[in-house]
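Each ligand, and each atom within it, is numbered from 1 in the order the structure gives. Values below: every heavy atom of this structure, side chains too, minus hydrogens, waters and symmetry copies.
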Amino acid sequence: MKRVRFAPSPTGYLHLGNARTALFNYLFAKHEGATFILRIEDTDLERSKKEYEEMLIQDLKWMGLEWDEGPDKGGPYGPYRQSERLDIYHQYAKKLLETGHAYFCYCTEEELEKEREKAIAEGKPYRYSGKCRNLTQQEREELEAKGLKPVIRFKVPDKTVVFEDIIRGHVEIDTKEFGDFVIVRQDGMPVYNFVVVIDDALMKITHVIRGEDHLSNTPKQIVIYEALGFDIPQFAHLPIILGEDRTKLSKRHGAVSVRALKDDGFLSEAVFNYLSLLGWHPKDEREILPKEEIISQFRIEDVNKSPAIFDRTKLRWMNGVYIREILDLDELTKRAVEFFEGFGYKADFEYYKKVMSAIRDSIETLMDIKDRAKVFFVDEFPFTEEIVSEVKSDPNFYKVVEIFYEKIKDLNSITKEDFKNITKEIQKEYGFKGKGLFHPLRIALTGESSGVGLDLLVEVIGIDKVKFRIKRFLEYFG
Ligand code: GLU
C-alpha cells in the first residue's frame, strides 16, 4: 500500500510553495489510490503556533484537499503532531547512541566558532571536526562535571549516498559534504532531519514528495534510515517556484499564501487548477481542467525538474474563466456573499444573484465585485467636478435625462425590454442617439462613464431606484 504525507511546520500561513507540495501529494494519493497523511512538524517550539496549525488545516480544506490520517482525524500511526511524539524520538536517539551511530558532543559555541573560523581561513567549507566522536566515559563525566550539556550528533559514515529521485533522477552526494550533524539539541529537542526519518519510517511512508529545498537534507536522512535498518522510501523533489522575475517566490511578489489568495477573491477551484500546473502539465495543451481530470492524468514521474514560474496574471485569467464559465450562478453567488457584505453592499441572496449574473463576465476575482457591483448598490454617488462641467457644457445632457424621466415617471416596473423600447422612442421622437443618448443616462444612473449594460442595470435595481437616481440628478442640476 502506497502512503504519502504532507508535513508542514505551523510557523505561518500556508505558502503557495507548500500548498503545491500538499496538492501534488494529494494528486499522487488520489491517482495511485494511496493513503494521504497530514503530519504537523512542530518541534520548533518558538516558531510553531497552534493558531497556524488551525489555519493550515482550514486552508488545505479550502483548497479541496482531504487527508486520510492526521492530527484532526487520527489514524493507526498517530499521534500525527511531532510535539506529541518526543518520547518516540528519544527512544530512537538512545538506540543510535547504544549502537554507536550517534554520540554526545560537548563542544561549546565558542569552540565550534573557532573551528568554523579556521576552516574559513583555510578556504575550506566548514564541517564539524568530530572532536567528541571518541570520548571515553571518564572524559564525558569530566565535561558534565563542568556543567556542560551535550548535544547528540549522528556519526556520519564515510560514503557516497546514492538515490534515484523520481523527478531529479540519479543523485549522489559524498557524506564529507556535511559531516556529523546534530540530531538532538542541548535542550533535548530533536531536530528535523532526525525526526522526519523516524516519522516517515514509523508511519510507513513509501513516497516522500516535497520541495526541492529539501534535496540536500535527503542524504542526511538516508544515512539515518540505514543506521536504524528502516526501509528507505522513494523520493520526489518538486521544482522550486519562482516569481516572474525568476527569483524565489516571496512576499515581494505580492500575496503568496493560500489565505491571501482567498481573501483576494480567488476561487479554490482555480487555485487548485493553477497550482497543479506549476511543474506539471496534462498530455494535451488544455489548461482548464476539472479536479477529477487532473487526478486521472497526474503522474509524479511527469513532473519537471526545471523551476515553475508563478504568473499572477495567468492565475487571474484562470480565475476569471472559473467565474464566467465553470461555477454555476448559485454557487458563485454563495462564494461572493462575504465579499458583497465586506464592501457594505447589503441585499438579499436573490439580489446578489442578479448582480452576479450581470457582472460575472467582467470580473476576474471576487475582489473586483467592489468596483463592478457598486452601481447596483450605491444610489447617492457624488457628482464629481468632471460630471458637473460636462453637464454644464452640453445643454442636451440635462434634456436627455429629463425626457427619460418623463417616460418612466408613471411606470411601476421596468425590464430590459422596456428600457430598450424607451430609448428607441426617445431616439425616434427627439433624435438623440448613441453616446449622446446613453452617456447622460449612464451618468445620471451611475455617476460613471462605463460599466454594465444600462438595460440590465435598470432591470436589476428596479423602477423605484431608477426614479430616485434620475430625480436626484435632475434636482441637482435643475
Ligand atoms: N516540515 C518540513 C517543511 O515544512 C517538511 C519537509 C519534508 O517534507 O520532509 O519544510
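Ligand 1 has an N or O atom lying under 3.5 Å from an N or O atom of Ser9, backbone or side chain. Considering both main-chain and side-chain atoms, Ala7 comes within under 3.5 Å of ligand 1 through a nitrogen or oxygen pair.
In summary, the atoms of ligand 1 found under 4.0 Å from a heavy atom of Arg210, numbered by their order in the structure, are 7 (C), 8 (O), 9 (O). Close contacts between ligand 1 and Val196 involve ligand atoms 9 (O) [criterion: under 4.0 Å to a heavy atom]. Listed by atom number, the atoms of ligand 1 under 4.0 Å from Arg5 heavy atoms are 7 (C), 8 (O), 9 (O). Set against the non-hydrogen atoms of Glu41, the atoms of ligand 1 under 4.0 Å away are 1 (N), 2 (C), 5 (C).
When each of Tyr322, Phe310, Trp280, Phe266 is checked for a ring pair (Phe, Tyr, Trp, His ring centres under 6.0 Å) with Tyr274, only Phe310 meets the rule.
Side-chain contact annotation: Ser83 with Asp42, donor-acceptor N/O pair under 3.5 Å present. Inspection of the Glu293 and Gln297 side chains reveals an N or O donor paired with an N or O acceptor under 3.5 Å. For Trp67 and Asn25, the side-chain atoms include no donor-acceptor pair closer than 3.5 Å. Side-chain contact annotation: Glu115 with Tyr128, donor-acceptor N/O pair under 3.5 Å absent.
At least one heavy atom of Tyr192 sits closer than 4.0 Å to an atom of ligand 1.
For atom 3 (C) of ligand 1, the closest non-hydrogen atom of the protein is His214 NE2, 3.7 Å.
Applying the side chain to side chain contact (heavy atoms under 4.5 Å, CB included) rule to Asp245 yields the partners Thr247, Arg252, His253; only residues at least two apart in sequence or on another chain are considered.
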